Every structure is written in C-alpha cells, then in structure tokens.
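Only a predicted model underlies this, so the values are computations on that prediction, with no experimental measurement involved. Excluded from the calculations below are hydrogen atoms, water molecules and symmetry mates; all remaining heavy atoms, backbone and side chain alike, are included.
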Amino acid sequence: LVRGHRRILLLSVFYGTARFRMDVALWEPPADLQLNTEIVVITGASSGIGLALAHELAARKATLFLGCRDVDKCQRVKPQGAHVSCLKLDLADLDSVAAFARQLRARVDRVDALVLNAGMLMDYGARTAQGFEESFGVIHLAHFLLTRELWSLLQRPHPSSDKPARVISHASAAYMTANFASLLQG
C-alpha cells in the first residue's frame, strides 16, 4: 500500500474498533426480555462473539443450537441449561453443513434466528474439502448453503406471533487485512 493509504486504513480500523466498543458499552437489552419461545442457531459459538451471544440468549431462556467444529470444546464452554445443544458443524466441508441442516430439520419445526457468526482468516493455499479457497468457502459458501438448507424452517411462522425469522450475518474489521488477489490465484 502507498504510505498515505496505509495510514487511512489504520485510522479506519481504529475508528471501527473504537465505535464498536462504544456501541456495545451503551446498549443493554431490557432486563425483563425473555426468549423462551425462540429457537436460535449460531455458527461458530464455541468462542468469541458467538459464545458471548450464546450465553446472553441462554440467560434469556432461548432454545439454542450451537454449530461448532469442535463439539467437545463446545460442550465445555457452552451455557448451562436444558435448552442448549452443541452440534458438529465444519464449515470447511459442505457435506458437514448439509448434515448439520438435516439434524436441525429432524429436531425442530422452525428456526426463529440464524446467526452466521463463524469466521476465519487463513493463509493462502488452504482449501475446503470441496477445493474452494478456505476463507471464501467457510465465510461465504458454507453460510449460504446453511441458509438455503434451513430456508424452509426459517419460513415457518412463530406460533405466538407473526414476526418473521431473522438471518443475521456479521463480519469483523479483519477483512481489511485479506489478500483478495488470492481468490483469483489457482
């Protein structure tokens, strides 16, 4: 990067980080908010933002399905509660994504929220089981497939309201460090 562009990039990352932290510090959910009728699926819920979200939703009595690559780790760190399940989900393998979706369809009749949280940054050259560049395959292709596979559950209405299901996808400022040219290389 040109020296001036590098400075702008660093300032934008700093601003984004500072603003994110400020937003989190200022917003608090209502103390009486209960989600005991909600069914929520979270990918990448064994650490970071996904784990923090799982703990917050479990405290509010939501039924949670945590999709994690390492189920043993998920079992160790998950929120305690009768309505929290850890299921195997390796987003670097589209067959695992399809199997995860099949398990969910067998266990629930609807999904009220799908949180596409899992993310990663890998070195150039890593590939998914199907041969895609790993970051692109995990962050984009696998989450797209999961959403498509769960679409019928997301379309089913909540039994006590007419509110639609939500698909929530987020990213971090880490994307700014990515080498997008690697997507175009063999």
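Smallest separation of non-hydrogen atoms from A165 and V111: CB-O, 3.4 Å. Of all heavy-atom pairs between A142 and L91, the closest is CB-O, 3.3 Å. Of all the heavy atoms in P157 and R110, the pair that sits closest is O-CD, 3.6 Å. Residues P79 and A54 share a closest heavy-atom pair of CG-O, 3.5 Å.
L66 and V167 are assigned to two separate hydrophobic clusters, defined by single-linkage of ILVMFWY side chains at heavy-atom distances under 4.5 Å. Taking hydrophobic clusters as Ile, Leu, Val, Met, Phe, Trp and Tyr residues chained together by side-chain heavy-atom distances below 4.5 Å, V108 shares a cluster with W151. Grouping the Ile, Leu, Val, Met, Phe, Trp and Tyr side chains by contacts below 4.5 angstrom, directly or via other members, places L89 with L145. Taking hydrophobic clusters as Ile, Leu, Val, Met, Phe, Trp and Tyr residues chained together by side-chain heavy-atom distances below 4.5 Å, V115 does not share a cluster with L51. Hydrophobic clustering of Ile, Leu, Val, Met, Phe, Trp and Tyr side chains at less than 4.5 Å, counting indirect connections, keeps V77 apart from I49.
The main-chain N or O of L87 is never found under 3.5 Å from a side-chain atom of Q103 such that the two would form a donor-acceptor pair.
Taking CG of L53 as the start and CG of L64 as the end, the distance is 8.0 Å to the nearest 0.5 Å. Separation of atoms CD (Q75) and OG (S85) is listed at 8.0 Å; rounding is to 0.5 Å. Note: D90 CG to F100 CZ = 12.0 Å, rounded to the nearest 0.5 Å. The CZ atom of F65 sits 12.5 Å away from atom CG of L114, with the distance rounded to the nearest 0.5 Å. Remark: S135 OG to L141 CG distance equals 11.5 Å, nearest 0.5 Å. Within the model, atoms CZ of R69 and CG of D93 stand 12.0 Å from one another, a figure rounded to the nearest 0.5 Å.
Listed by chain and residue number, A98, A99, R105 satisfy the side-chain contact (heavy atoms from CB on, under 4.5 Å) test with R102 (two or more places apart in sequence, or in another chain).
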- Task: Under the side-chain contact (heavy atoms from CB on, under 4.5 Å) rule, what do L94 and T128 come out as? Steps first, then yes or no, please.
- Result: CA-CA 8 Å; L94 297 179; T128 66; over 6 Å; no

- Might you work through the disulfide bond (SG atoms under 2.5 Å apart) test for C74 and C86, ending with a clear yes or no? CA-CA 6 Å; C74 183; C86 293; 2.2 Å; yes

Report all side-chain donor-acceptor pairs from residues 33-43 shorter than 3.5 Å, counting only partners two or more places apart or in another chain.
from	atom 1	to	atom 2	distance (Å)
T37	OG1	H158	NE2	3.1
E38	OE2	H158	NE2	3.2
E38	OE2	K163	NZ	2.8
T43	OG1	N117	N	2.9
T43	OG1	A118	N	3.0
T43	OG1	H143	NE2	3.0

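Atom NE2 of H55 sits in a crowded spot, with more than 12 heavy atoms from other residues, nucleotides or ligands closer than 6.0 Å.
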